[in-house]
Amino acid sequence: MPKSRIRKKADYTPPPSSKQAANIKLTNRGWVAPVMLALFLVGLAWIVIFYVTDTRLPIEALGNWNIVVGFGFIAAGFGVSTQWK
């Protein structure tokens, strides 16, 4: 049985562009890691202090809402972490 011919297609070459590539300016994100870690540690310390002081500190009037405040700091740390590149 005879072999069929294989047609070779020309490689795609994009049309020449008159526009120059836009310069991408990356902003300095050096502040993200320290702020993120600080928020994590503040949230963790808030919760630990709440339990160690038998609910008298950091703010006694909040009662068990101190746990929510601690987790709020931790959640804010995760929010800041989305800016990390």
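Everything numeric in this text was worked out from a predicted model, so none of it was measured. Residue numbers run from 1 in the order of the sequence given.
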Under a single-linkage definition using a 4.5 Å side-chain heavy-atom cutoff for Ile, Leu, Val, Met, Phe, Trp and Tyr, are [X] and [Y] assigned to the same hydrophobic cluster?
{"X": "F73", "Y": "W31", "result": "yes"}
{"X": "F40", "Y": "V48", "result": "no"}
{"X": "L41", "Y": "V35", "result": "no"}

Q: State, with a plain yes or no, whether a side-chain heavy atom of I67 is found less than 4.5 Å away from one of Y51.
A: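 In short, these two side chains touch, coming nearer than 4.5 Å.
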Q.
Applying side-chain hydrogen bond (donor to acceptor under 3.5 Å, both in side chains), can you list everything that pairs with E60, at least two apart in sequence or on another chain?
A. none
**Q.** Nearest heavy atoms of S81 and M36, plus distance in Å
**A.**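 Answer, listing the atom of S81 first, then M36: CB-SD, 3.2 Å.
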Q: Begin from the C-alpha positions of N64 and F50 and carry the test side-chain contact (heavy atoms from CB on, under 4.5 Å) through to its verdict.
A: CA-CA 9 Å; N64 286 335; F50 174 70; 3.5 Å; yes
Q | Main-chain N/O of I59 paired with N66 side-chain donor or acceptor, under 3.5 Å | A | yes
Q: Would you check, one step at a time, whether the test side-chain contact (heavy atoms from CB on, under 4.5 Å) holds for W46 with F71?
A: CA-CA 9 Å; W46 192 287; F71 278 114; over 6 Å; no
Q) Rounded to the nearest 0.5 Å, how far apart are CG of L44 and CD1 of I49? A)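 If we round to the nearest 0.5 Å, L44:CG and I49:CD1 are 9.5 Å apart.
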